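Just so it is clear, the structure is predicted and the values come from calculations on it, not from any experiment.
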Amino acid sequence: VMKSPYGVPTALTSNNAYSVEVWVHNPALSGSVESFLAWTPRGDSDDPDTASTYELMELRYYNNAGNVVEHYGYNVGWGARGIPPVGEWHHVVATRDMGTSIERVYVDGSLRESIARPLTRIRDDGVFVLGATENANQNGFTLYFSGYLGKGRIHTGTLSDAQVVQNYMEERDEYGLTAPADAVWQGAVGVGLDWHDPANWVLGNVAEGGSYVTIDNGGIPVLTNSLSSPLESITSRKGGLLVSNSATLSVNGDAHSLGD
């Protein structure tokens, strides 16, 4: 367990924006709660002097798909794809947008959950703790994490989807990851643009066979030439996809909705 000697900046308390990135490796899922990073002491639901709803900030990785960001009420889960596989490294990111109250969870560059949470009072009496959570009396630790931690960053402000993907792609080789990186569309919103143009994808990473594709910015990629091999999945929460010119598109793996 590592504990910062300094208090948490006020910019990361109350209802302020935050972004936290941690490389995490969990050998096995525990049935007990495990926290790998926190910056508030552990509250006690039976003692209103030590905790009340929305006060906590803990990141967890255990056998509970609905609880990766713990606030003591209105927690944020891993999303529809569930808990990341154990036994390998994952780039886990959680963000909060102060203006919209939207909290997001990303795994390996892919947006897993996006949901409004009415946080108003993240505690301001904590310190940063890696590998556990400080107990309610702030004289020890609890909820120990039984896995491994790599690089971590905590930011004031909200990372964009593109920034999350870029950080993941720049560091993934250090952790021996072999899965294909996500291809994230960044073309203009509401405009049909060529799927095959590198300028329309984050870092020029054009989605090809074996890619995991994310179209979340409201853009419309137009596929005019068939892909040579199947994609693994397509996630398109805000944008759209046009297949024209007798092109074919094959999705091999965990396919998601192509539009809302």
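With respect to Glu21, the side-chain contact (heavy atoms from CB on, under 4.5 Å) criterion is satisfied by exactly one of Val92, Val164, Asn167: Asn167. Test Asn75, Asn64, Thr40 against Glu70 for side chain to side chain donor-acceptor pair (under 3.5 Å) and you get one pass: Asn75.
Under the 3.5 Å distance criterion, with hydrogens and angles disregarded, a donor-acceptor pair is assigned to the side chains of Asp161 and Tyr106.
To the nearest 0.5 Å, the span separating CG on Leu130 from OG on Ser35 amounts to 9.5 Å. In this structure, Asn26 CG and Leu149 CG are separated by 9.5 Å, a value rounded to the nearest 0.5 Å. Distance OG1/Thr95 to CE/Met98: 13.5 Å, rounded to 0.5 Å. Interatomic distance, Ser114 OG to Glu103 CD, rounded to the nearest 0.5 Å: 10.0 Å. Taken from OG in Ser30 to CZ in Arg60, the straight-line distance is 11.5 Å, to the nearest 0.5 Å. A distance of 8.0 Å separates CG of Asn217 from CD of Gln186, quoted to the nearest 0.5 Å.
Between Trp39 and Ile154 there is a side-chain heavy-atom pair separated by less than 4.5 Å. Side-chain contact between Thr133 and Val33: absent, with no pair of heavy atoms (C-beta onward) separated by less than 4.5 Å. Taking the side chain as every heavy atom from C-beta outward, Ile122 and Asn15 never approach each other to under 4.5 Å. At a threshold of 4.5 Å between non-hydrogen side-chain atoms, the residues Tyr61 and Leu29 count as touching. In this structure, Val222 and Ser244 have side chains that are in contact, with non-hydrogen atoms separated by less than 4.5 Å. Tyr18 places a side-chain heavy atom less than 4.5 Å from the side chain of Met57. With a 4.5 Å cut-off on side-chain heavy atoms, Tyr148 and Trp89 count as touching. When side chains are defined from C-beta on, Pro9 does not count as touching Thr156, because their heavy atoms never get closer than 4.5 Å.
At a threshold of 4.5 Å between side-chain heavy atoms, the hydrophobic network of Ile, Leu, Val, Met, Phe, Trp and Tyr places Ile83 and Tyr62 in two separate groups. In the hydrophobic cluster analysis, where Ile, Leu, Val, Met, Phe, Trp and Tyr join through side-chain heavy atoms closer than 4.5 angstrom, Leu143 is grouped apart from Val69. Hydrophobic clustering (ILVMFWY, side-chain heavy atoms < 4.5 Å, transitive): Val86 and Trp78 are in one cluster. Cluster annotation: Val1 and Val127 are assigned to the same hydrophobic cluster (Ile/Leu/Val/Met/Phe/Trp/Tyr, side-chain heavy-atom contacts under 4.5 Å, transitive). A chain of hydrophobic side-chain contacts below 4.5 Å, direct or via other Ile, Leu, Val, Met, Phe, Trp or Tyr residues, connects Phe36 to Val107.
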Problem set entry | Stepwise side chain to side chain contact (heavy atoms under 4.5 Å, CB included) test for Ser101 and Arg96 | CA-CA 7 Å; Ser101 295; Arg96 169 174 164 76; 3.8 Å; yes
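Counting all heavy atoms, side chain and backbone alike, Gly187 lies closest to Leu193 at CA-CD1, 4.0 Å. Scanning all heavy atoms of the two residues, the minimum distance from Leu59 to Ala94 falls at CD2-CB, 4.0 Å. Closest non-hydrogen pair, Lys151 versus Tyr175, comes out as N-OH, 2.9 Å. The heavy-atom pair separating Ala11 from Asn16 by the smallest distance is O-CB, 3.0 Å. Smallest separation of non-hydrogen atoms from Ile220 and Trp185: N-NE1, 3.9 Å. Looking at every heavy atom in both residues, Ala38 comes nearest to Glu58 through CB-CG, 3.9 Å.
Side-chain atoms of Arg42 do not come within 3.5 Å of backbone N or O of Phe141 as any donor-acceptor pair. Side-chain atoms of Glu113 do not come within 3.5 Å of backbone N or O of Val76 as any donor-acceptor pair. Side chain of Asp194 to main chain of His196: a donor-acceptor pair is present (N/O by atom type, distance under 3.5 Å, no hydrogens or angles). Put simply, the side chain of Arg104 never gets that close to the backbone of Thr158: no donor and acceptor are under 3.5 Å apart. The main-chain N or O of Val184 is never found under 3.5 Å from a side-chain atom of Thr214 such that the two would form a donor-acceptor pair. Side chain of His90 to backbone of Pro85: a donor-acceptor contact under 3.5 angstrom is found. Looking at Arg117, its side chain does come within 3.5 Å of a backbone N or O of Tyr74 through a donor-acceptor pair. Formation of a donor-acceptor pair under 3.5 Å by the Thr13 side chain with backbone atoms of Arg123 is not found in this model. With hydrogens and angles disregarded, a donor-acceptor distance shorter than 3.5 Å links the side chain of Trp201 to the backbone of Trp195. Counting only distance, with no hydrogens or angles, the side chain of His91 and the backbone of Trp23 share no donor-acceptor pair below 3.5 Å.
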